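All remarks here apply to the structure that follows.
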Amino acid sequence: MKKQLLKVALRDTLPVLTGYLFLGAGFGILLNESGYGIGWAFFMALFMFAGSGQYLAVSLLASHASLISTAVATLLVNARHLFYGISLIDTYKGAGKKKPYMIFGLTDETYSLVTQNEPPKGVSRHSYCFTVTALDHVYWICGCVLGNVMGATLPISFEGVEFVLTALFVTMFVEQWLANKNHLPALIGVMSTALCLMLFGSEFFLIPSMAAIALLLTITRKTARRKPYV
Amino acid sequence: MFDTHGLWIIVVATLVTMATRFLPFLIFRGDKKTPDIIVYLGKVLPYAIMGMLVVYCMKDVKFLAPPYGIPELLGCAVVAVLHIWKRNSLLSIGVGTVFYMVLVQLVF
């Protein structure tokens with residue numbers, strides 16, 4: 001059973017492995033260039049475990065930002081996690097001792113995998129989610145530390161490899177689109193975010209997008225009753 | 001000299017990040033029944049969030065300057081078409097990523 005779980009979880013997290021190794025390495029390199037060594041890379045990956053949050057932290061470190069601006073900027077970037085929690089409250093109920101760690105490790109990628117994939121037969125959803133979270137965390141730590149140690153010495157160009165995570169989200173999006181008759185939530189997600197990005201710019205669009213999504217989903221609740229989700 | 005202020009920056013950034021992850025679970029905890037509207041949002045949010053994340057990945061793409069986001073849009077199109085056709089996640093993601101890398105390294 002354990003072996004089966006690990007096998008399925010490794011397969012499901014393969015795109016995240018690729019993405020995190022390179023994205024983590026990118027972070028490690030940047031951190032190194034700002035004068036922060038392996039200890040910083042390791043502990044940031046271990047305790048923060050947030051891709052865009054850590055990239056932001058590098059620029060905050062480099063500019064000796066104040067603690068207030070650190071808090072505000074991090075909130076602007078990571079507020080999207082609030083939505084992940086809201087949609088997993090019932091799924092993660094009763095996960096016991098595993099629960100705090102599963103919440104701690106709710107990155108974009110972990111969230112996509114745990115909401116989309118089914119655990120293998122005979123394995124509880126909680127064990128599956130926990131294993132996926134832990135694997136993603138290990139990948140991320142490896143990426144950050146390796147990047148920090150190796151610096152920019154890699155011989156081949158990996159430019160563009162970060163697209164693997166975009167591709168992961170596109171795949172999930174298509175998968176959900178094909179599995180559902182009601183496309184309204186998906187459309188609301190894309191349109192609100194695109195519109196807010198144009199209106200507010202890349203620094204501030206996330207919170208207005210989330211507000212718009214929550215509002216529109218609430219307003220259109222009646223349609224959801226008429227056209228149930230599969 | 002050890003960068004104490006830097007350490008505080010990391011501490012604050014970590015605490016804020018964790019707050020965004022733990023807050024919903026702290027608010028709606030225990031055996032209390034989750035409010036209807038939250039149950040409903042929990043059910044539909046994943047569909048909206050995936051759309052949000054796809055756009056989020058494009059946030060730093062400059063659509064008004066060359067190459068006008070063409071590699072990103074083509075890359076997404078390849079992933080989507082391949083996925084509708086084969087329904088194999090690793091294949092769609094793998095081919096799409098290599099295609100995108102070729103585009104940004106050799107074409108654009």
Side-chain angles (χ1 to χ4, degrees), chain A residues 14-15 44 47-48 50 53 57 60-61 64-65 67 70-71 74-75 78-79 81-83 85-87 89-90 92 103-104 106 108 112 115 157 159-161 163-174 176 178 180 185-186 188-190 193-194 197 202 209 213-214 217-218 221 224 229, chain B residues 3 5-6 8-10 12-25 27-29 34 37-60 71-72 75-76 79-80 83-84 87 89-90 92-94 96-97 100-105:
Chain A
L14 201 58
M44 283 173 79
F47 290 123
M48 222 173 139
L60 293 170
L61 282 171
H64 301 282
L67 296 183
T70 301
T74 309
L75 184 66
N78 282 338
H81 295 140
L82 290 167
F83 270 7
I86 290 176
S87 71
I89 284 170
D90 284 343
Y92 278 11
I103 298 172
F104 155 80
L106 264 184
D108 302 336
S112 315
T115 47
S157 168
E159 191 196 346
V161 76
F163 191 76
V164 71
L165 295 176
T166 312
L168 173 72
F169 298 135
V170 172
T171 311
M172 300 287 179
F173 183 81
V174 171
Q176 292 179 341
L178 296 176
N180 273 294
I188 287 177
V190 173
T193 317
L197 179 56
S202 67
S209 310
I213 289 172
L217 284 176
T218 310
R221 196 176 168 187
Y229 298 92
Chain B
D3 183 357
H5 183 69
W8 280 110
I9 289 182
I10 307 299
V12 169
T14 304
L15 288 179
V16 171
T17 302
M18 286 312 140
T20 61
R21 286 185 187 157
F22 278 91
L23 207 60
F25 293 95
I27 296 172
F28 305 104
R29 65 201 249 172
T34 317
I37 183 72
I38 299 298
V39 174
Y40 161 74
L41 280 179
K43 222 176 278 170
V44 289
L45 268 178
Y47 305 110
I49 290 173
M50 233 33 84
M52 179 179 100
L53 284 175
V54 171
V55 179
Y56 181 76
C57 288
M58 308 282 163
K59 72 179 163 64
D60 297 316
E72 285 77 17
C76 288
V79 174
H83 198 68
I84 294 168
R87 282 302 262 290
S89 301
L90 287 182
S92 321
I93 295 168
T97 305
Y100 177 80
M101 288 173 75
V102 171
L103 283 186
V104 292
Q105 289 188 21

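Because the structure is a prediction, the values reported are computed rather than measured.
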> B:His83 versus A:Val170: any side-chain heavy-atom pair under 4.5 Å?
Replying inline: no
> Just how far is it from atom CG of A:Leu82 to atom CZ of B:Phe25, taken to the nearest 0.5 Å?
Replying inline: 11.0 Å
> So, for A:Phe104 and B:Arg21, which heavy atoms are closest and what is the spacing to 0.1 Å?
Replying inline: O-NH1, 2.6 Å
>> Is there a side-chain contact between B:Arg87 and A:Leu178 in this structure, where contact means two heavy atoms from C-beta onward sitting under 4.5 Å apart?
In response: yes
> Is the shortest heavy-atom distance from the side chain of A:Phe173 to the side chain of B:Leu53 under 4.5 Å?
Replying inline: no
> With only heavy atoms counted, which part of A:Leu67 is less than 4.5 Å from chain B, the side chain, the backbone, both or neither?
Replying inline: both
> Which heavy atom of A:Ile89 sits nearest a heavy atom of B:Pro24, and at what distance?
Replying inline: CD1-O, 3.9 Å
> Which heavy atom of A:Ala167 sits nearest a heavy atom of B:Thr97, and at what distance?
Replying inline: CB-OG1, 4.1 Å
> Which bit of B:Leu90 comes within less than 4.5 Å of chain A, counting heavy atoms only: side chain, backbone, both or neither?
Replying inline: side chain
> Are any of the side-chain heavy atoms of B:Ile37 and A:Arg221 separated by less than 4.5 Å?
Replying inline: yes
>> Using a 4.5 angstrom heavy-atom cutoff, name the option from B:Ala19, B:Ser92, B:Gly75, B:Pro46 with the most pairs to chain A.
In response: B:Pro46
>> I need the residue from A:Gly160, A:Ser209, A:Gly53 with the largest number of non-hydrogen atom pairs under 4.5 Å to chain B.
In response: A:Gly160
> If you round to the nearest 0.5 Å, how far is CE of B:Met58 from CG of A:Leu197?
Replying inline: 11.0 Å
>> Can you tell me which portion of A:Ile213 sits under 4.5 Å from chain B's heavy atoms? Options are side chain, backbone, both or neither.
In response: side chain
> Between A:Ala79 and chain B, which part of the residue has a heavy atom less than 4.5 Å away: side chain, backbone, both or neither?
Replying inline: backbone
> To the nearest 0.5 Å, what is the distance between CZ (A:Phe47) and CE (B:Met18)?
Replying inline: 10.0 Å
>> For a quick test of reading the model, state the closest non-hydrogen atom pair linking B:Val44 to A:Pro185 and the distance between them.
In response: O-CB, 3.9 Å
>> Nearest 0.5 angstrom please: B:Ile9 CD1 to A:Leu61 CG, how far?
In response: 5.0 Å
> Does A:Thr74 reach the side chain of B:Thr14, with side-chain heavy atoms less than 4.5 Å apart?
Replying inline: no
> Who among A:Leu75, A:Thr193, A:Ile188, A:Thr218 has the most heavy-atom pairs with chain B under 4.5 Å?
Replying inline: A:Thr193
